[in-house]
Amino acid sequence: MNKFWSDNLDTLTPYEAGEQPQDKSYIKLNTNENPYPPSDAVLNAIKLTTSDQLRLYPDPNAIKLKQAIAKFYSINTDNVFVGNGSDEVLGFTFRALFKKTGAIQFPDITYSFYPTYCRLYDINFKTFPLTDKFEINIDLIPEDNSGIIIANPNASTGICLAVDKIEEILRKNSNNVVMIDEAYIDFSGNTCIPLIKKYPNLVVVQTISKSRSLAGLRVGLAIADAGLIDGIQRVKNSFNAYPLDSLAIAGATAAFEDKEGYINNKAKIIDTREWTIMALEKLSFYVVPSSTNFIMAQHKEMSAKSIYLKLRDEGILIRHFDLPRIENFIRVSIGTMEDMKIFIQKLGRILA
Ligand SMILES: *Cc1c(COP(=O)(O)O)cnc(C)c1O
């Protein structure tokens, strides 16, 4: 606490990102980045935009990007909001749609940015428990909520809830906003975007950081009924009119136009994921079913924390969360097949 700070600043709990160490080169399997480069089409679009035109402000509405997204999902541009990473998009949507009397609901194990935004905006929240298998039982979501947010597939479990279950949540909570954070949806093929036409209370948030190999470009999106998008737009334009720079708009537009690159990229990750799951099971891990580009797993004997520390010494970074219910699990992002072979080999030696 510094005496010059605004009131209550010390009550915030800032998000802690997975480490991005600079001391030596690691095999990075800790922040769910994509191991493959962005496609040439994306890099060329960014290079072409790197010109004297950078003296101009970008389009505050990023209409080219909205058009590419609308075309990709067969929706209208007024159903699309874009921002500087889906983290920022979530920040805007929380402020625009969740700041009400009552408490919003999310699972007891989920993306740790949700409580962080709640504290920033003074939004009350409560959590409902995942089952013993880390699944969402929709009957456990209290109906006296002022909004619901679910990461689907969930972070850090990797489990995906079926679209018909999400539809049931939307029907039961028709007076409140239901937000579905689909950061990892491309690895499961289960998006609920088509439901926005039927449910004006649904917001779907996505990112190009994971399946499209563009975490460094910082672009996220929200898709919803035009009325909700309008509300999110009001918050954005009260905070930063230009959240997306010209390079980000150009690169993200090219990414949504390059369907083939995207399909090949996620197919490789899914193949490598399935190989890694089998290899972990052979090493006596219990592996939580994954619909994402990461795996959560628990070893029969060795603690997750010591596996994490020993792999770190060996130059491999994975994630371990010191949190209730998951403190004995490791979370491993899917790298290239070569990365994963080295990971499994070193892990085998550590366990032996
Ligand atoms: C990675 C992630 C995000 C943030 O993605 P960015 O677009 O890079 O900000 C949001 N939600 C979940 C669940 C994530 O795992």
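Below, all heavy atoms of this structure are taken into account, side chains as well, without hydrogens, waters or symmetry copies. Since this is a predicted model, take the numbers as computed values, not measurements. We count ligands from 1, going down the list as the structure has it; atoms in each ligand are counted the same way.
- Shortest contact from atom 11 (N) of ligand 1 to any protein heavy atom: Asp181 OD2, 2.7 Å.
- At a heavy-atom cutoff of 4.0 Å, ligand 1 is contacted by no atom of Phe113, backbone or side chain.
- Taking every non-hydrogen atom of Gly85 and a distance limit under 4.0 Å, the qualifying atoms of ligand 1 come out as 7 (O), 9 (O).
- In this structure, Arg218 is part of the shell of residues with a heavy atom less than 4.0 angstrom from ligand 1.
- Within ligand 1, counting atoms from 1 as listed, the ones closer than 4.0 Å to a heavy atom of Thr207 are 5 (O), 6 (P), 7 (O), 8 (O).
- Among all protein heavy atoms, the one lying closest to atom 5 (O) of ligand 1 is Ser86 OG, 3.0 Å.
- Taking a 6.0 Å sphere around CZ of Arg95, one finds it holds 12 or fewer heavy atoms contributed by other residues, nucleotides or ligands.
- Under 4.0 angstrom from ligand 1, the non-hydrogen atoms of Lys210 all belong to its side chain.
- Within the 4.0 Å heavy-atom shell around ligand 1 one does not find Asn32.
- A perpendicular orientation is assigned to the rings of Tyr111 and Tyr114, their planes being inclined by more than 60° (bins at 30° and 60°).
- The nearest pair of heavy atoms linking Lys165 to Ile138 is O-CD1, 4.0 Å.
- Taking CG of Asp322 as the start and NE2 of His320 as the end, the distance is 5.0 Å to the nearest 0.5 Å.
- A donor-acceptor pair under 3.5 Å is formed between the side chain of Arg212 and the backbone N or O of Ala255.
- Between Phe256 and Phe72, the ring-plane angle classifies as perpendicular under the 30° and 60° cut-offs.
- When only interatomic distances are considered, the shortest N/O to N/O separation between Tyr114 and ligand 1 does not fall below 3.5 Å.
- Contact annotation: for Asp87 versus ligand 1, heavy atoms closer than 4.0 Å belong to both the backbone and the side chain.
- Between Phe106 and Phe125, the two ring planes are parallel [angle under 30°; tilted spans 30° to 60°].
- Using 4.0 Å as the threshold, Ala183 has a heavy atom nearer than that to some atom of ligand 1.
- Given atom 15 (O) of ligand 1, the protein heavy atom at minimum distance is Tyr184 OH, 2.6 Å.
- A donor-acceptor distance shorter than 3.5 angstrom exists from the side chain of Lys236 to the backbone of Ala241, with no hydrogens or angles considered.
- The protein atom (non-hydrogen) at minimum distance from atom 8 (O) of ligand 1 is Ser209 OG, 2.6 Å.
- Of the residues listed (Ser156, Ser209, Ser333), the one engaging Asn32 in a side chain to side chain donor-acceptor pair (under 3.5 Å) is Ser333, and it is the only one.
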